[in-house]
Amino acid sequence: MTVMMMTSPGNNLPVALALTEDRALGDRLSVALAGLAEVQRVRPGDPALVETLHAVRPDLVMVDGDAEDEVVTELVAASRRAQPTAAIVVLGDETESGLLLAAMRAGAQDVLPRSAAEPTLRRGLRDRLQRTLRSGGPERRAECMALIGGHTGDPVHEIALALAVRVAEEGGRKPLLVELSSRAADAPLSLGAECAYGVVEAMTDVDRLDAALLEGAVTRHAATGLAVLPLLDPRDAARLDAGDLRSLVAALAAVYDPVIINLGGEPVPLMLTALAPQVRSWCLVATQTITSSRGAARSLRLLGDADVVVKERVVLAVAEHDSRVMLTPIAICGALGLASVVSLPDNRVAFRNALNRGRLLIRALGPRSFTDSLDLLSARLLGTADAAAAPGWRRALSRIGIGP
């Protein structure tokens, strides 16, 4: 990945990416955006361009229009797929109607004259950048979390479903459950809903995904409003393209918050590698068995191979917890080298009865300790645990025997 810094980073400025081979143009853009954005230049032919877009996460992408129309439109489309919330501007000849139309269709918001002086470029780029930031662009990216297990017997599907429903119940957010596990097709059924639009279909539409399309196509849980996007045929999991998956999650995160991804009991390494740059926090689901713990250790190694700092970004959720089992959550957490653990009391009977009725509401399940544990898990994954640790929370935590 080759990124050339055109300005000195600092002051938490927005990031602008210039896709051009022309150093002189890059210098002019740097002058035009001085004090407004940190400008970085990337060669359009760089084979790692898509990875760069995901890593840098620019607020503004400037595409050099001094190339064939097909090349320009492909650069615009690739930028839009990788960063759906970024502003994209093509620098070309405004009189070329073909370029203008093709660029707009590919996802550009504007075309500015390539030969314009710095003050003209500054006005046009500043206006586009500020409009993007005001409208909730990359500065307001959604939280993205993923759940995994280490063994096919781990109840990852149930915990992902319960967690997503609980976040939706609490209100104030617009959660989406993305089901990529071997049990993905079970999610709509568990919520008493029909589903005809899934992950593969959304990937096909990724270049035009917006709130209106998703609102009309994605299945919702009637009782809570939780949106669910499953892999309708689990056999497609092994055939998913890493770049397409990243583009899809980026598009979904522009509409939903949080995006909760269930990767199942035996996650596919390709998916871990693809999602690692976008997932803020990981939930590792295990039970109080040696088999589950061994599988959890294997999953942690896969996350480490995907460059995830596991001690900082992984929360252990010990499901079906029973205090009579001598292998304690604290012992499992310590053996795995993790720093955060939440115990989820055994609630299988009430949970399965609710699923069978197609009316899953966590607040209606007993005991209260299960809901308290889910709330704590949600807070840990969303990074709100410290803010939530008010006296009421301390009392709730003491009921389930866990400190904050």
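Residue indices begin at 1 and follow the sequence shown. These numbers were taken from a predicted model, which means no experiment stands behind them.
Atoms CG and CG, on Leu91 and Asp66 in that order, are 10.5 Å from each other to the nearest 0.5 Å. Considering CD of Glu266 and OG of Ser182, their distance stands at 8.0 Å, rounded to 0.5 Å. In this structure, CG on Leu163 lies 9.5 Å from CG on Asp375, to the nearest 0.5 angstrom. The CG atom of Asn347 lies 10.5 Å from the CZ atom of Arg352; values are rounded to the nearest 0.5 Å. Between the CZ atom of Arg80 and the CD1 atom of Ile88 there is a distance of 3.5 Å, given to the nearest 0.5 Å. Ile260 CD1 to Leu381 CG: the interatomic distance, rounded to the nearest 0.5 Å, is 8.5 Å.
Looking at every heavy atom in both residues, Leu214 comes nearest to Tyr256 through CB-OH, 3.5 Å. Contact record, Gln288 with Ile332: CA-CD1, 4.1 Å, taken as the closest heavy-atom pair. Residue Leu33 comes nearest to Ala16 through the heavy atom pair CD1-CB, 3.9 Å, listed as atom of the first residue, atom of the second, then distance. When all heavy atoms of Leu303 and Val314 are compared, the closest pair comes out as CD1-CG2, 3.9 Å. A pairwise comparison of heavy atoms in Gly35 and Leu13 identifies O-CD2, 3.6 Å as the closest pair. Across every non-hydrogen atom of Val90 and Ala108, the tightest pair is CG2-CB, 4.0 Å.
The closest donor-acceptor contact from the side chain of Thr52 to the backbone of Ala48 lies under 3.5 Å. Counting only distance, with no hydrogens or angles, the side chain of Thr224 and the backbone of Ala168 share no donor-acceptor pair below 3.5 Å. Panel note: side chain Arg126, backbone Leu121; no donor-acceptor pair is recorded below 3.5 Å. With hydrogens and angles disregarded, a donor-acceptor distance shorter than 3.5 Å links the side chain of Asp154 to the backbone of His151. In this structure, the side chain of Ser299 engages the main chain of Gly149 through a donor-acceptor pair within 3.5 Å. A donor-acceptor pair under 3.5 Å links the side-chain atoms of Arg28 to the main chain of Ala116, judged by distance alone. Side chain of Ser79 to main chain of Leu75: a donor-acceptor pair is present (N/O by atom type, distance under 3.5 Å, no hydrogens or angles). Glu201 places a side-chain N or O within donor-acceptor distance of the main-chain N or O of Gly198, the cut-off being under 3.5 Å. With hydrogens and angles disregarded, a donor-acceptor distance shorter than 3.5 Å links the side chain of Ser293 to the backbone of Thr289. At distances below 3.5 Å, not a single donor-acceptor pair connects side-chain atoms of Thr287 with backbone N or O atoms of Ala319.
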Next on the checklist: Quick one, Glu215 with Arg220, criterion salt bridge (charged side-chain N to carboxylate O under 4.0 Å, His left out). Give me CA distance, side-chain angles, the key distance, then yes/no.
Outcome noted: CA-CA 9 Å; Glu215 288 293 332; Arg220 300 177 73 83; 3.6 Å; yes
Checklist entry - Asp241 and Leu270: side chain to side chain contact (heavy atoms under 4.5 Å, CB included), yes or no, with the steps? => result CA-CA 9 Å; Asp241 177 79; Leu270 171 66; over 6 Å; no
Checklist entry - Given the rule in the side chain to side chain contact (heavy atoms under 4.5 Å, CB included) test, do Arg166 and Thr371 qualify, once you have shown the distances and angles that lead to the verdict? => result CA-CA 8 Å; Arg166 183 58 184 161; Thr371 305; 3.4 Å; yes
Next on the checklist: Working note: Asp22 + Arg114, criterion side chain to side chain contact (heavy atoms under 4.5 Å, CB included); need CA distance, chi angles, decisive distance, verdict.
Outcome noted: CA-CA 11 Å; Asp22 188 342; Arg114 189 178 189 274; 3.0 Å; yes
Checklist entry - How far apart are the C-alpha atoms of Leu125 and Leu29, what are their side-chain angles, what is the distance that settles it, and do they pass the side chain to side chain contact (heavy atoms under 4.5 Å, CB included) test? => result CA-CA 9 Å; Leu125 295 172; Leu29 294 172; 3.9 Å; yes
Checklist entry - Which is it for Glu21 and Arg41 under the salt bridge (charged side-chain N to carboxylate O under 4.0 Å, His left out) test, yes or no, and what are the steps along the way? => result CA-CA 8 Å; Glu21 298 277 1; Arg41 181 167 69 91; 5.4 Å; no
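The side-chain heavy atoms of Val71 and Pro44, taken from C-beta on, include no pair separated by under 4.5 Å. Contact of the Leu229 side chain with the Leu177 side chain is not registered, since no non-hydrogen atoms from C-beta on lie closer than 4.5 Å. Under the 4.5 Å side-chain criterion, counting only non-hydrogen atoms from C-beta, Val228 is not in contact with Leu176. Between Leu36 and Arg122 there is a side-chain heavy-atom pair separated by less than 4.5 Å. With contacts defined as side-chain heavy-atom distances shorter than 4.5 Å, the pair Leu191/Pro188 does not qualify. Side-chain contact between Leu60 and Leu17 is absent, with no heavy-atom pair separated by less than 4.5 Å. Counting heavy atoms from C-beta on, the side chains of Val89 and Val111 never come closer than 4.5 Å. Side-chain contact between His321 and Asp346 is absent, with no heavy-atom pair separated by less than 4.5 Å.
A salt bridge links Glu51 with Arg246: the distance from a Lys NZ or Arg NE/NH1/NH2 to an Asp or Glu carboxylate oxygen falls below 4.0 Å. Between Asp46 and Arg43 there is no salt bridge, since none of the side-chain N atoms of the basic residue sits less than 4.0 Å from a carboxylate O of the acidic one. Salt-bridge formation is not detected for the pair Glu118/Arg123: no Lys NZ or Arg NE/NH1/NH2 atom is positioned less than 4.0 Å from an Asp or Glu carboxylate oxygen. Ionic pairing of Arg173 and Asp257 is present here: one or more N-O contacts between side-chain nitrogen and carboxylate oxygen are shorter than 4.0 angstrom.
Residue Trp282 is tested with Leu147, Leu316, Leu263 for a side-chain contact (heavy atoms from CB on, under 4.5 Å); the sole match is Leu263. Results of the side-chain contact (heavy atoms from CB on, under 4.5 Å) test with Val318 over Leu284, Val341, Leu344 single out Val341 as the only residue that passes.
Judged by distance alone, the side chains of Glu179 and Ser181 do bring a donor and an acceptor atom under 3.5 Å apart. Defined by atom type and a distance below 3.5 Å, a donor-acceptor pair is missing between the side-chain atoms of Ser281 and Arg313.
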